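Worksheet: one structure, shown below.
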Amino acid sequence: MTSITLRKLCKTYEGSKHPAVENFDLEIEPGELVAFLGPSGCGKTTTLKMIAGLHSVTRGDVLFNGVRVNDIKPERREVVMVYQNYLLFPYMNVAENVGFGLRMRKTPKDETDRRVAEILKLVQLEGYGHRSSAQLSGGQKQRVALARALVIRPKILLLDEPLANLDAHLRDEMRDLILDIHKKFEVTTVFVTHDQEEAVLLADRIALIFDGKLVQYSHSKDFYEKPASERISRFFGNGNIIEGTKAGTTVTTGSGAFQVRPGLPAADGPVQLVIRPESIRLSREESNSFKALILKKIYMGTYTRYCFEADGHIWDTTTESNEIPGYEAGDSAWFTLPQDKIWLIER
Amino acid sequence: MDIEDTKASPLHWIVYIGVIVSVLGPLIPQFIWPFAKSWFFPDLLPSVWSVRAWEYIANPNSQVLEAVWNSLVIAVLVTCISVLLGVPAGKALGMYRFRGKGLVELFILAPSIIPGLAVTMGIHVVFIRLGLSDTLLGVVLVHLIPTIPYMTISMSGIFANYDPDFEEQARSLGASTFKTFFIITLPAIFPGIVTGAMFAFLISWGQYLLTVLIGGGRVITLPLLLFSFAASRDNAFMSALSIIFLLPAIIILFFTSKFLSGKSSSMGGFGTI
Amino acid sequence: MTKRTTIVLLLFPTISVLVLLFLGGLAMGLMQSFGYMPLIGMNDFNIDAYGSLFGDQEFLLSLALTLWISISSTLLTMVLAIITALAFRKTFSGKRIANFLYQFPITIPHIVIAVGTLLVFSQSGMAARFAHQAGLIADQNQFPVVVSDKLGLGIIYVYLWKQIPFVGVIVLSILQAMGNNYEELARSLGASKWQAFRHVLLPTIIPGILPASIICFSFTFGSYEVPFLLGRPYPTVISVLAMRLYQDVDLNARPQAMATAVFMAAFISIMVVLYKRLLGKMSGRR
Ligand SMILES: Nc1ncnc2c1ncn2[C@@H]1O[C@H](COP(=O)(O)OP(=O)(O)O)[C@@H](O)[C@H]1O
Ligand SMILES: [Mg+2]
């Protein structure tokens, strides 16, 4: 198994003023499944291509198992990239597509055939070898692309937005397939996505990228509970961010003073208080409770969302629909910010 | 090493220089010879300069002006007729699906594949009988054989990329058929027509064989004169005529280079120029 | 107006003109090749002309020369168009001008460049003069014969000059539409640079330029001006031979001229049909 290290990795495209990737420092453990997450155009694909050796590195290093590979040709890196739009070769049938990498390695024909059949079975496309790629559905194309990459037993698998072009129901299937494959082949895998839920569902760790910069690299839970910035918090669907001032374990805000747990990394002084909508409780408790006006109630099936206002600030909370009292818009209600769920960002 | 690297290497530069030298090489001497009186091997420049070639061209007795005039009249007529016929036919092929379309396309394409020599030799007898041989009109008619297919095919490419929904939108907003054509359709296809027409003009302008067969040497055009000078290897005159012959092509290239995106539909006839 | 009438009305003028001029011309040519020329008082109907055609050594030599010239210039055009288009994909200073020059020959008439070839490559031409100045040759007769030569090199040069840009522009647009991704993907799957070209770029380019290669082949097969100016009088190419027979004062040569012309038309048609078959086969694999 192979580890990947990116050291101060930079890429500025020819003719472009702004770097597409800036000073990436990243360590991916052998056999890990890591997601590159970020909005479109932030440099995810560019980073993958530098790892694959398809695009040159402007500055910095790419290391596999601690060995610098900057100058190794892409065909020698044993890294395979699977493209977002599958890119099946149109003039080859499924089996020829899958066998492409083996043919390039001059693998004997019978071995090629055997391995192609094997891998097609694994991606549940047994017997599709003679189909032309135009006859396949989106999900099938994606599986052929995956099989084509896996058949050469790469050390590193790079998946560029593997789920982006699939219908919702196919997405779950493909996600499971990717997890299966990752487990079975024990291949270090990086996949790219702009959807944070997808990243959370699949990845061991997430590298969050904004505007060519790596802004946070940690386990997915941390992005929800310990976002490093307001923007990260918002990217993960959390808009409950309030300005306040920290002194010891007390944060004073416009909506009142709240107790926070000791040991939060933020220093005393101006901070932003962050709490996830699902962490806010609709109840009155000993501390950290306040009364507010419910502005909106949105029924979302399993969950119900309330927007409420306290001292000019709009809060957002979700509760399970079958949970206690049915408040309506216009009601006043007590809300509690549980002490252990509050996170602080230094301003 | 990497593919995205778009910079040219020294190997590429060899190709660029090769292209430039072999494209310009055969043209440059043509711009010197018309000013040469004596220019013998192995001199790189003429030893005696003169403008007699140009004087000859300007002389009304030399037939050059007549030939330029004939060439222009023929090419303009041929272009107009080709546009009038090719645009509707191109619309039919580009915008409609119908039974036998493949056959029609094949038939329209055929004249640009089958040598014009074979067709024109056959037609000559009939033209003699009809009094069309040795006339300008006869020459115009045979020039249509390569230009109409070219115009039709390139217009069908233009119409295939044209979205008829715009017309329907205009009609639904209250424009008449007539107005719709001038406000919506024409502006959309106009650049295509102009490009097609320029190339139809060039096809006719450059035509030697068809003109000599049907015009019988009576209808003198520029390529005929150039050809006879070239056959007799009179370098000064042949180069001077060649420059005049070249001018419309250069002018048209300047106009169209931005249209030359390589859409194969509009390229179909270039091989026949 | 029904759609059907619209289509018929749109197509009618073009089709009727082409039927009269093109089909009419072919039919008349065919009839005359059988010696049937009532307009000049020849009412026989025979295939003598074809018989004497295939028995004529000059005709066979002409056919061989013509095929040599058109096949080699078509193949070379394809190869050089691909090489130059690949090079022009890169960015370099002066690219706009170079690009303009690259496309420039598309509009230039063949005769102009035939004239240019005479001025440059004949034994007293510019190339020989430069060779002399460089001390490579002492006398103009030492310069290799490349105009009016046995192999038709001058003729092939003119065809290449005209056709490489014509095909090259098509290759460029194919490459542009394809982007870099397929090539990158191939590299990532383990293909070397050459393998990526051979197994990915080439299979995409070739079907796209086959139609253009038909046009190149048929044009060079039937072209008259260039081989007349830059070729030898004997053996000459088939179109020049046909024209010579046609212009013969002896009207008895007429059927033979027509038979030569009809042969050209038939030969090209058969080649195109075979080619289309090949195309169909290639696209059938898609
Ligand atoms: N080949 C290229 N040449 C120039 N700029 C590029 C190229 N590829 C990507 N870029 C630019 O680099 C930035 C990052 O692109 P990319 O890595 O594709 O983003 P992502 O995959 O995150 O959507 C974008 O601004 C994009 O426009
Ligand atoms: Mg991307």
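We name chains A, B, ... by the order of the sequence lines, and we start the count at 1 in each one. Predicted model only: the values in this text are computed from it and were never measured.
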Practice problem: Enter the distance from C:K3:NZ to B:Y96:OH here, rounded to the nearest 0.5 Å. | Solution: 8.0 Å
Practice problem: Nearest 0.5 Å please: distance from the CG atom of B:L241 over to the CD1 atom of C:I111. | Solution: 10.5 Å
Would you say the side-chain atoms of [X] pair up with the backbone N or O of [Y], donor to acceptor, closer than 3.5 Å?
| X | Y | result |
| --- | --- | --- |
| B:Q30 | C:L119 | no |
| C:Q140 | B:P42 | no |
| B:Y16 | C:A87 | yes |

Quiz item: Heavy atoms, side chains only, cut-off 4.5 Å: are B:F41 and C:F143 in contact?
Solution: no
Among [options], which residue has the highest count of heavy-atom pairs closer than 4.5 Å to chain B?
| options | value |
| --- | --- |
| C:L229, C:L26, C:T220 | C:L229 |
| C:R4, C:M271, C:M258 | C:M258 |
| C:A128, C:S223, C:A257, C:G222 | C:A128 |
| C:F121, C:F104, C:F12 | C:F104 |
| C:M243, C:E225, C:Q247, C:M264 | C:E225 |

Quiz item: Hey, which of C:V115, C:I108, C:V112 is the one that makes side chain to side chain contact (heavy atoms under 4.5 Å, CB included) with B:F245?
Solution: C:V112
Self-check item: Top contributor to chain C contacts, counting heavy-atom pairs under 4.5 Å, from B:P88, B:G25, B:P115, B:G90
Solution: B:P88
Quiz item: Who among B:I123, B:L144, B:I250 has the most heavy-atom pairs with chain C under 4.5 Å?
Solution: B:I123
Exercise. Identify the two heavy atoms, one from C:T14 and one from B:I108, that lie closest to each other, and give their separation to 0.1 Å.
Key: CG2-CD1, 4.1 Å
